[in-house]
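Have a look at the structure below, then the notes.
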Number of protein chains: 2
Amino acid sequence: MCQDFTGCPDRDGKKGKEEMSKTPPQKRANLRDVATAAGVSVATVSRVMNAPDTVAKKTRKRVEEAMNSLRWVPSAAARAINTGRTRFVGALVPTLDNAIFARFLSKLENQLNTHRLSLVVATTGGDPQVEAEKAKTLIDIGAEGLVVSGITHGQALYDLLDRSQRPAIATSYYDPGYVLPTIGYDNAAAAKLAQEHLTGLGHQHIAVVHGPRLNNDRTEARLSGLTGSNAALELFETEISLAGGCNAARAILQGTQRPTAILCLSDVLASGVLAELHRRDLAVPRDVSVMGIDDLPGSAHIYPELTTVHLPVARMGLAAADAIAEWVETQTVPEPTLLEPSLVLRKSTARPR
Amino acid sequence: MCQDFTGCPDRDGKKGKEEMSKTPPQKRANLRDVATAAGVSVATVSRVMNAPDTVAKKTRKRVEEAMNSLRWVPSAAARAINTGRTRFVGALVPTLDNAIFARFLSKLENQLNTHRLSLVVATTGGDPQVEAEKAKTLIDIGAEGLVVSGITHGQALYDLLDRSQRPAIATSYYDPGYVLPTIGYDNAAAAKLAQEHLTGLGHQHIAVVHGPRLNNDRTEARLSGLTGSNAALELFETEISLAGGCNAARAILQGTQRPTAILCLSDVLASGVLAELHRRDLAVPRDVSVMGIDDLPGSAHIYPELTTVHLPVARMGLAAADAIAEWVETQTVPEPTLLEPSLVLRKSTARPR
DNA sequence: TTGACACATGTAACCGGTTTCATCAACTTA
DNA sequence: TAAGTTGATGAAACCGGTTACATGTGTCAA
């Protein structure tokens with residue numbers, strides 16, 4: 001328990017845990033202790049923290065010295081109870097294992113910091129019930145607001161938000177009619193963009209590889225964007241991972257007639273498909289075109305460089321951070337924000353032979 | 001501001017923001033309001049929350065009804081100030097963009113949940129100064145403990161930990177002599193494992209691709225594990241990403257004599273290297289062997305299946321969660337824990353030709 | 001000299017819970 | 001029936017800060 005950090009980083013022999021003799025077990029100092037030590041009132045100490053320039057320089061110095069010698073650390077809870085601010089918000093994402101969410105969270109966290117807000121992260125595994133439970137926990141520990149993924153949620157979550165009256169925004173999806181403000185892209189449009197690129201190249205038989213539809217509105221929306229084409233679409237559902245992509249590719253190649261293009265609704269799936277195609281000695285895009293959606297940072301560098309649809313998750317992270325921060329701080333409900341996906345032409349697609 | 005979640009998920013026309021006429025702006029109910037409404041004392045209401053079975057069933061019901069009709073939501077700060085527990089800890093990682101950290105955090109978060117703890121995540125970009133600042137923020141908002149990566153940190157972080165007396169453990173590294181308890185693997189041993197596999201196959205000229213050494217003890221340790229071999233080692237430093245791997249591969253192929261094996265100190269780097277080799281029409285492992293360290297979930301499925309050293313980050317997540325939870329709850333400083341890396345033989349290495 | 005005013009500081013209420021201890025009724029048990 | 005328990009509840013202190021308001025001092029213009 002007693003840590004001694006002088007002379008880091010090496011520990012000068014493990015110390016017994018029960019010593020600490022000179023200074024009696026002395027519990028943590030509080031504001032009044034500091035005030036007493038500095039010979040001022042608690043108000044003055046508080047001012048030294050929150051409005052330093054309203055305190056005489058000499059007094060301030062004395063207080064600061066007292067703080068240091070008592071090794072005072074302010075209580076977050078005590079501050080929060082008065083200010084009404086805990087200075088953190090929560091984010092609920094299906095998984096961290098898909099780089100797209102990791103990337104989003106990373107930007108979200110950084111931008112939140114500019115608003116002096118921290119980020120509590122919780123993963124749901126895509127299960128609305130788990131999501132609702134974790135959301136409850138986040139509210140319980142004091143999250144000032146929530147950032148959720150998509151627009152498909154359990155009633156329990158809506159009830160929670162309603163009752164707690166906490167700000168919450170939905171991301172990775174755009175739907176101005178949704179109960180919560182959405183900040184995201186039009187998943188259907190993104191898929192359409194991809195499909196049109198393929199049909200534009202002349203592909204008439206396209207395999208579509210997608211993640212689980214259950215409780216996943218992003219997948220569902222992307223699939224819905226695929227209607228209204230005269231190309232034959234064959235759907236392959238799989239787990240969203242490299243392994244999932246491999247499996248899908250195997251299933252595709254097992255079919256009677258090989259499609260001329262494979263449209264993957266996530267870049268990871270495309271990576272898996274590419275790997276499996278290599279394994280089967282099929283060349284991309286010569287033998288078959290492969291396309292993704294997401295545009296992960298790595299997608300530009302795999303072989304072959306993946307043609308995909310860029311989803312602006314980094315910008316989404318920034319926008320979501322700004323939106324939730326403003327809502328939390330000024331009670332202003334943000335407007336839904338549409339972020340445009342864009343086609344990124346690289347080397348994994350070509351005309352069918 | 002007024003949310004109405006009945007009839008989700010569609011919003012019945014955006015409501016004006018300034019209405020809310022019937023019930024006057026009525027600020028949030030607190031414990032006393034509930035107590036008054038239920039005709040009991042605050043103590044009883046508190047008991048209904050924390051020790052339901054010490055309250056008469058009839059009373060409890062009455063209180064619960066009052067809670068509901070007043071839509072009472074307990075204040076996290078008020079609870080925390082009394083219990084001394086905020087029920088969350090913080091984690092500081094260099095980045096989320098490397099899947100290895102995402103995976104670790106994912107497990108960490110889940111396991112923390114079993115201890116009724118949430119996780120605040122902060123990324124440092126590998127900069128000790130940023131790390132110290134973010135750590136300060138985490139302590140400031142009330143993190144009960146910290147989980148950091150590696151053993152290279154700024155003095156400011158040590159000072160903070162010392163002063164705040166918060167539990168903190170270091171991960172991704174094992175060093176029983178370190179000031180903080182470490183939970184991780186022996187990075188040097190992991191690298192040695194990889195190198196010995198390659199030399200065992202007969203490789204005498206090995207290119208080593210690694211991430212930045214600056215402030216990165218994991219990289220440094222892995223490099224240090226590479227001594228004591230009679231094979232010629234050529235070092236290539238690059239950014240840890242697919243793109244970085246590609247760049248390194250390019251640099252390697254530019255050399256006068258091509259190495260027979262490429263040892264990448266991270267799987268992502270290996271993926272990048274593999275992509276670039278494909279691009280240059282070099283076959284792996286026929287023309288050159290490639291090996292990684294990490295064993296990301298995807299590494300088993302790329303082409304060719306990557307031979308690598310498995311780092312037990314999932315187990316590390318569990319162990320770190322249990323350790324910090326116990327420390328926080330029982331003031332027991334955890335013992336340093338060594339997790340063994342293991343060689344995973346797959347298809348990207350072979351004897352040199 | 002005096003009254004107005006800015007500035008520095010202190011007093012005490014307050015935030016919204018938890019918890020100790022006292023109280024009192026009902027139930028055993030002899 | 002008296003004494004001892006047990007169970008349910010309430011009164012009030014307490015946690016550690018913030019802040020409205022009061023107070024006191026020194027400066028400056030009239």
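As the structure is a prediction and not an experimental result, all values here were calculated from the model. In what follows, chains are A, B, ... by sequence order, proteins preceding strands, each numbered from 1.
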Look at all strands and tell whether [X] reaches a base, only sugar-phosphate, or nothing, counting heavy atoms closer than 4.0 Å.
| X | result |
| --- | --- |
| Val55(B) | sugar-phosphate |
| Ala56(A) | sugar-phosphate |
| Ser75(A) | sugar-phosphate |
| Val45(A) | nothing |

Requested in this report: Please name the residue in the list Thr332(A), Val89(A), Ile169(A) that meets the side-chain contact (heavy atoms from CB on, under 4.5 Å) test with Trp327(A).
Outcome: Ile169(A)
Could you check how far [atom1] of [X] sits from [atom2] of [N], rounded to whole Å?
| X | N | atom1 | atom2 | result |
| --- | --- | --- | --- | --- |
| Ile81(B) | dT18(C) | CD1 | C1' | 11 Å |
| Asp53(A) | dC7(C) | CG | C1' | 12 Å |
| Lys57(B) | dA8(D) | NZ | P | 11 Å |
| Arg47(B) | dG17(C) | CZ | C1' | 14 Å |
| Trp72(B) | dG17(C) | CH2 | P | 5 Å |
| Asn82(B) | dG16(C) | CG | P | 13 Å |
| Arg85(A) | dT18(D) | CZ | P | 14 Å |
| Lys61(B) | dA8(D) | NZ | P | 18 Å |

Decide yes or no, distance alone: a donor-acceptor N/O pair under 3.5 angstrom between the base of [N] and the side-chain of [X].
| X | N | result |
| --- | --- | --- |
| Asn30(A) | dG16(D) | no |
| Arg32(A) | dG17(D) | yes |
| Arg28(A) | dG16(D) | no |

Choose from [options] the nucleotide whose nearest atom is closest to any side-chain atom of [X].
| X | options | result |
| --- | --- | --- |
| Thr59(A) | dT11(C), dA12(D), dT9(C) | dT9(C) |
| Leu31(A) | dG17(C), dA12(D), dG17(D) | dG17(D) |
| Arg79(B) | dG17(C), dG10(C), dG17(D) | dG17(C) |

Query raised in the report: For the helix from dT1(C)-dA30(D) to dA30(C)-dT1(D), how many degrees between its two end axes (five pairs per end), to the nearest 10°?
Result: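 The value is 40°.
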Do side-chain atoms of [X] reach the backbone of [Y] as a donor and acceptor pair under 3.5 angstrom?
| X | Y | value |
| --- | --- | --- |
| Thr114(B) | Asn110(B) | no |
| Arg28(A) | Ser164(B) | yes |
| Thr337(B) | Glu335(B) | yes |

Query - Geometric class of the Tyr178(B)/Tyr158(B) ring pair [parallel <30°, tilted 30-60°, perpendicular >60°] - result: perpendicular
Query - Closest non-hydrogen atom pair between Met67(B) and Arg163(A), with its separation - result: O-NH2, 3.3 Å
Query raised in the report: Salt bridge or not for Arg60(A) and Glu64(A), using N-O below 4.0 Å?
Result: no
Query - 5'-most by nearest nucleotide on DNA chain D - Ala78(B) or Arg60(B) - result: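 It is Arg60(B), whose closest nucleotide lies nearer the 5' terminus.
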Query raised in the report: Any side-chain N or O of Thr44(A) under 4.0 Å from OP1/OP2 of dT9(C)?
Result: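 Checking dT9(C) against Thr44(A), no side-chain N or O comes under 4.0 Å of OP1 or OP2.
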Requested in this report: Step by step, work out the ring-ring contact (aromatic ring centres under 6.0 Å, His included) result for Phe88(B) and Phe88(A).
Outcome: CA-CA 11 Å; Phe88(B) 66 86; Phe88(A) 66 86; 5.1 Å; yes
